Amino acid sequence: MKGIYSALLVSFDENGNINEKGLRQIVRHNIDVCKVDGLYVGGSTGENFMLSTDEKKRIFEIAKDEAKNDIKLIAQVGSVNLKEAVELAKFATELGYDSLSAVTPFYYKFDFEEIKHYYETIVNSVDNKMIIYSIPFLTGVNMSLDQFAELFENEKIIGVKFTAADFYLLERMRKRFPDKLIYAGFDEMMLPAVVLGVDGAIGSTFNVNGVRAKQIFELAKNNKIEEAREIQHITNDLITDILGNGLYQTIKLILEEQGVEAGYCRQPMKEATEEMKRKAKEMYNKYFG
Ligand code: HMN
């Protein structure tokens, strides 16, 4: 389960419906061009929290059908609707997903006991593994080292997707949980995370920049830090440009330049303007042309 995972983008048509052909092309592009080790399906990048249960299921089906067993697949099933999370966990497990992941429950200020109950309920409902999705800047949920330790007592909870810039906590986690999988979640901070010993990374920009991400990962693991830093510099020039132009819209626009029908974002995310399209084309020429 180690390595580089793209947080899978989903193609939507102009009416906000899933574009199956486009989604299949994004999966193929990740496997054939970006050469990623796996896909994280149903994450933030998949615009998951704006979708219905049926749409989430359909995306799990299409991604699995297209990827088959070529790469590892993680299904993000987390939801503040715990019944939905359990339903999705069962569905993805039946499809053969290699692991589940669930975002910490958000919006309401759930206490730790409630968060623990949420994870236990999901993992007890299926014969599958679980990766905690910790993304405090979007959920507002900050868990302590001891709280992670308590969750990790359950052997089915095998790791965490750590989308935070807290390198002190990351280092403490690496030391305390040597046998758990830790995935870096911020692509622009991948190199320091790899130096601290993460097992992999899960990111949105890998849908276009997966090759560089893998290079950073491999070089840093082999102590070739200066070479890795050079690639992180180029990567962060790209990420800075992407973030300045609209994250998911721009990654989709760059994919369109590469012949992938990545389509629109789901409302309320905005539609790309002509200016955004122009800038994305420049990015394609500069970083991938
Ligand atoms: C997901 O759940 O889709 C991703 O794994 C989330 C991932 O951590 C990304 N975060 C968000 O999109 C909020 C990053 O790849 C991020 O897009 C990138 O580092 C640019 O900031």
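Just so you know, these numbers come straight off a predicted model, no measurement behind them. As the structure lists them, so they are numbered: ligands from 1, and atoms in each ligand from 1.
Close approach of ligand 1 to Ala7 (heavy-atom distance below 4.0 Å) involves ligand atoms 1 (C), 3 (O), 4 (C), 5 (O). Close contacts between ligand 1 and Phe186 involve ligand atoms 19 (O) [criterion: under 4.0 Å to a heavy atom]. If you number the atoms of ligand 1 from 1 as listed, the ones under 4.0 Å from a heavy atom of Leu247 come out as 12 (O), 17 (O). Within ligand 1, counting atoms from 1 as listed, the ones closer than 4.0 Å to a heavy atom of Asp187 are 14 (C), 15 (O), 18 (C), 19 (O). Atoms of ligand 1 lying under 4.0 Å from at least one heavy atom of Ile202, given by number and element, are 5 (O). With ligand atoms numbered from 1 in the order given, ligand 1 contributes 15 (O) to contacts under 4.0 Å with heavy atoms of Gly203.
Heavy atoms of Ile242 found under 4.0 angstrom from ligand 1: none, in either backbone or side chain. Contact annotation: for Thr163 versus ligand 1, heavy atoms closer than 4.0 Å belong to the side chain alone. Counting heavy atoms under 4.0 Å from ligand 1, residue Gln76 does not touch it at all.
Heavy atoms of Tyr133 come nearer than 4.0 angstrom to ligand 1 in at least one pair. Residue contacts with ligand 1 do not include Met189, since none of its heavy atoms lies under 4.0 Å from the ligand.
Between Phe148 and Phe177, a ring centre-to-centre spacing not shorter than 6.0 Å is recorded. Residues Tyr40 and Tyr97 keep their aromatic ring centres 6.0 Å or farther apart.
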| request: Please step through salt bridge (charged side-chain N to carboxylate O under 4.0 Å, His left out) for the pair Glu282 and Lys279, ending with a clear verdict. | output: CA-CA 5 Å; Glu282 274 175 21; Lys279 286 189 176 157; over 6 Å; no

| said: Checking Gln249 against Asn245 for the side chain to side chain donor-acceptor pair (under 3.5 Å) test, could you report, in this order, the C-alpha distance in whole Å, the side-chain angles of both residues, the deciding distance, and whether it holds? | reply: CA-CA 8 Å; Gln249 292 91 341; Asn245 198 47; over 6 Å; no

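Looking at Tyr5, Phe206, Phe162, Tyr248 and measuring to atom 12 (O) of ligand 1, the nearest heavy atom belongs to Tyr248.
Scanning all protein heavy atoms for the shortest distance to atom 5 (O) of ligand 1 gives Lys161 NZ, 2.6 Å. For atom 1 (C) of ligand 1, the nearest non-hydrogen atom of the protein is Ser44 N, 3.3 Å. Protein heavy atom closest to atom 21 (O) of ligand 1, with residue, atom name and distance, is Glu188 OE2, 2.7 Å.
The side-chain heavy atoms of Leu51 and Arg266, taken from C-beta on, include a pair separated by under 4.5 Å.
Under the 30°/60° scheme for interplanar angles, the aromatic rings of Phe49 and Phe106 are found to stand perpendicular.
Using a 4.0 Å cut-off between a side-chain N of Lys or Arg and a carboxylate O of Asp or Glu, Arg58 and Asp65 do not qualify as a salt bridge. With salt bridges taken as basic N to acidic carboxylate O contacts below 4.0 Å, one links Arg278 and Glu275.
For ligand 1, the polar-atom distance check finds an N/O of Gly185 within less than 3.5 Å of one of the ligand's N/O atoms. Note: an N/O pair closer than 3.5 Å links Ser204 and ligand 1 by distance alone.
A cation-pi contact, defined as under 6.0 Å to the ring centre and within 45° of the axis, links Lys57 to Phe91.
Within 6.0 Å of atom CG in Asn69, 12 or fewer heavy atoms from other residues, nucleotides or ligands are found, so the atom counts as exposed in its surroundings.
When each of Lys2, Lys214, Lys72 is tested with Asp37 by the rule side chain to side chain contact (heavy atoms under 4.5 Å, CB included), just one qualifies, namely Lys214.
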